[in-house]
2 protein chains.
Amino acid sequence: MDQKLKSELTRQLILNESFKLFYENGFKTTSVDKIMKATNLTKGAFYHHFENKKALALAVIGLKLQKRVYEAMVAPLYGSGDALEILKTIFSVRLKSFTVYEKQHGCPTNNFINEIGDHEVAYQNALKRIIEEWKSALVYVLDRGKTEGSVRKDICSKSVAVYLISAFEGVRGLRKLYDNDLILDEYVSGLSLYIKQISA
Amino acid sequence: MDQKLKSELTRQLILNESFKLFYENGFKTTSVDKIMKATNLTKGAFYHHFENKKALALAVIGLKLQKRVYEAMVAPLYGSGDALEILKTIFSVRLKSFTVYEKQHGCPTNNFINEIGDHEVAYQNALKRIIEEWKSALVYVLDRGKTEGSVRKDICSKSVAVYLISAFEGVRGLRKLYDNDLILDEYVSGLSLYIKQISA
DNA sequence: TCCATTATATACTAGGTAGTATGTTTTTTT
DNA sequence: AAAAAAACATACTACCTAGTATATAATGGA
């Protein structure tokens, strides 16, 4: 029972270092060699745990990215509290509380989407799952707001969800170009206007 | 006078093929060899016209990308007509009229931003210029709308501009994951809600 | 027409790439 | 404890990479 544990630990180590390097340098330009150098293991270990680099990418997307987005952007939407307040918190407070490192490198999921979202169906589906889960949670909280009377009933929840996600991912990309938070402040101000519009 | 012309033609050929290959396969994974194969020229020609791959990237960004964004997204904003109608056209009609190829591969500029926006200051500045030019045009048309009475005077033009750009670039990335236009339709619907909010 | 310059081609280097083949060590099972 | 299996290491292949060195061809000016 010790071997299984240590093996799983190694797998997680590879996944963690991969995520980090993919995030900092991109997926396609991060080699297996670089990853294994970061883990202090060798290629033998890598190809024992993963069939190839594509399998690693799918694991990083399905495990690391999906989990991160779920914890940061999805789970809070299922919490209690005023629907619109939750939205404001998720999309603005969270954004400003990112570290410089996170602001500089953007959204890990969005980076993957833009880098390999048009390459393989397997990648598309894995990434799509993350977005759809997020979108569903947004629709849920918007619908709840409707029944509770805080959100206008004549708006399309799905459309608002897509627009919110789009703007968030968009600005996380744009922020890479700057060395200050001005664009984030403007985004937040633009967002608050949008939230006012959907409020009843 | 013939040599200068032919030389410039070759340079443009390299730029065009580079743009296309960068767009389809990404910047970092497109090699100089592949580019020159596409031009039916050789490496000698490439390094005669460009100092290195970085110089090529800066030329593609500063010439090809900047021009494309200007023609498609900036120039129309300086045209005549109702400010809000122009915004609707730019951000929704244009989006739906993209070819399948363009929907699949997203926005060339946004692809660059996400791929190398966090790599080098030179890249950042070249890309920033495109976004700032776009943002200025949006601010212009929003301010015009304010004086003409079609746009609410209490909104921050810069913030709205940033939010509009963010959402547009965001959804162009997300669309890569799908094989239909549903997400674009939802974006358009979400956008029209936003435009309603800023109208007087 | 000769010469200089520019434009392009060819051949090469040094290093990086995914993946494989084959080891050796460690752990589990019998 | 022996055998089997799992975990990891080492060495290798075939190919791609940016960039350089040096050649040849085309053009423009005198």
Side-chain angles (χ1 to χ4, degrees), chain A residues 1-61 63 112 115-116 119-120 122-123 126, chain B residues 1-61 63 112 115-116 119-120 122-123 126:
Chain A
M1 279 297 129
D2 192 38
Q3 193 178 35
K4 277 246 168 173
L5 193 92
K6 275 183 65 178
S7 181
E8 180 58 25
L9 240 58
T10 298
R11 201 184 136 88
Q12 291 299 324
L13 177 63
I14 296 173
L15 284 173
N16 287 336
E17 295 300 327
S18 298
F19 168 81
K20 191 184 166 199
L21 290 171
F22 291 165
Y23 184 47
E24 291 172 5
N25 310 312
F27 166 65
K28 287 186 285 190
T29 46
T30 298
S31 67
V32 175
D33 282 320
K34 284 177 194 160
I35 294 168
M36 297 318 285
K37 199 161 196 174
T39 63
N40 283 321
L41 294 169
T42 59
K43 239 168 187 182
F46 179 85
Y47 283 98
H48 176 75
H49 287 279
F50 299 94
E51 194 189 337
N52 48 36
K53 205 188 166 190
K54 180 179 171 182
L56 170 69
L58 291 175
V60 168
I61 296 170
L63 298 176
F112 262 88
E115 187 178 357
I116 58 174
H119 279 16
E120 295 218 30
Y123 294 146
Chain B
M1 282 293 131
D2 193 37
Q3 194 178 32
K4 277 244 169 172
L5 192 94
K6 275 182 70 179
S7 182
E8 181 58 27
L9 241 57
T10 298
R11 202 183 135 89
Q12 291 300 323
L13 177 64
I14 295 173
L15 284 173
N16 287 336
E17 295 300 326
S18 298
F19 168 81
K20 191 183 165 199
L21 289 172
F22 292 164
Y23 183 47
E24 291 172 4
N25 310 313
F27 167 65
K28 288 186 285 190
T29 46
T30 298
S31 67
V32 175
D33 283 320
K34 283 178 194 159
I35 294 168
M36 297 319 284
K37 197 162 197 173
T39 62
N40 283 321
L41 295 169
T42 60
K43 241 172 184 177
F46 179 85
Y47 283 99
H48 175 75
H49 287 278
F50 298 94
E51 194 190 336
N52 48 35
K53 204 188 167 189
K54 180 179 170 183
L56 170 68
L58 291 175
V60 168
I61 295 170
L63 298 175
F112 262 87
E115 188 178 356
I116 59 174
H119 278 15
E120 295 218 30
Y123 294 147

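In what follows, chains carry the letters A, B, and so on, assigned in the order in which the sequence lines appear, proteins first and then strands, with residues in each chain numbered from 1. In this text, all values refer to a predicted model and were calculated from it rather than measured experimentally.
- Counting any heavy atom pair closer than 4.0 Å across all strands shown, A:F46 reaches no nucleic acid atom.
- Rounded to whole angstrom, the span from the NZ atom of A:K4 across to the P atom of C:dT28 amounts to 11 Å.
- Using a 4.0 Å heavy-atom cutoff across all strands shown, A:T42 reaches at least one base atom of the nucleic acid.
- Rounded to whole Å, atom P of D:dC16 lies 9 Å from atom CG of B:D33.
- Considering only side-chain N and O atoms, B:H49 lies nowhere under 4.0 angstrom from the phosphate OP1 or OP2 of C:dT6.
- Annotation: of the two residues near DNA chain C, A:G44 and A:T29, the 5′-most nearest-nucleotide partner is A:T29.
- Inter-residue side-chain proximity for B:T39 and B:N16 is flagged as unmet; no heavy-atom pair is nearer than 4.5 Å.
- Counting to the nearest Å, the C1' atom of D:dA26 and the NZ atom of B:K6 are 7 Å from each other.
- Relative ring orientation between B:F27 and B:F22 is described as perpendicular, the plane-to-plane angle rising above 60° on a 0-90° scale split at 30° and 60°.
- Put simply, CG on B:L5 is 10 Å from P on D:dG28, counting in whole angstrom units.
- Of the listed nucleotides (C:dA9, C:dT27, C:dA7), C:dA9 has the atom at the smallest distance from the side chain of B:A45.
- OP1 or OP2 of D:dC16 has not a single side-chain nitrogen or oxygen of B:S31 nearer than 4.0 Å.
- When heavy atoms are screened at a 4.0 angstrom cut-off, B:T30 is found touching the sugar-phosphate backbone but no base atom.
- Residue-to-nucleotide contacts include no donor-acceptor pair under 3.5 Å from the side chain of B:K43 to the base of C:dA9.
- Atom-to-atom, NZ of A:K34 to C1' of C:dT17 comes out at 10 Å; the value is rounded to the nearest Å.
- In this structure, A:F50 places its CZ atom 12 Å from P of D:dA7, rounding to the nearest Å.
- Remark: B:H48 is in phosphate contact with C:dA7, judged by side-chain N or O atoms under 4.0 Å from OP1 or OP2.
- Note on B:T10: every side-chain N or O is 4.0 Å or more away from OP1 and OP2 of C:dA7.
- B:L9 is not listed as a side-chain neighbour of B:K4, based on a closest heavy-atom distance of 4.5 Å or more.
- Side-chain contact between B:L13 and B:N40 is absent, with no heavy-atom pair separated by less than 4.5 Å.
- Atom pair B:D2:CG and D:dA26:C1' shows a separation of 10 Å (rounding to whole Å applied).
- Taking atom CG of B:L21 as the reference point, atom C1' of D:dT17 lies 16 Å away to the nearest angstrom.
- Between atom CD of residue B:E24 and atom NE2 of residue A:H119 there is a gap of 10.5 Å, rounded to the nearest 0.5 Å.
- Nearest nucleotide to the B:Y47 side chain, out of D:dT20, D:dA9, C:dT8: D:dT20.
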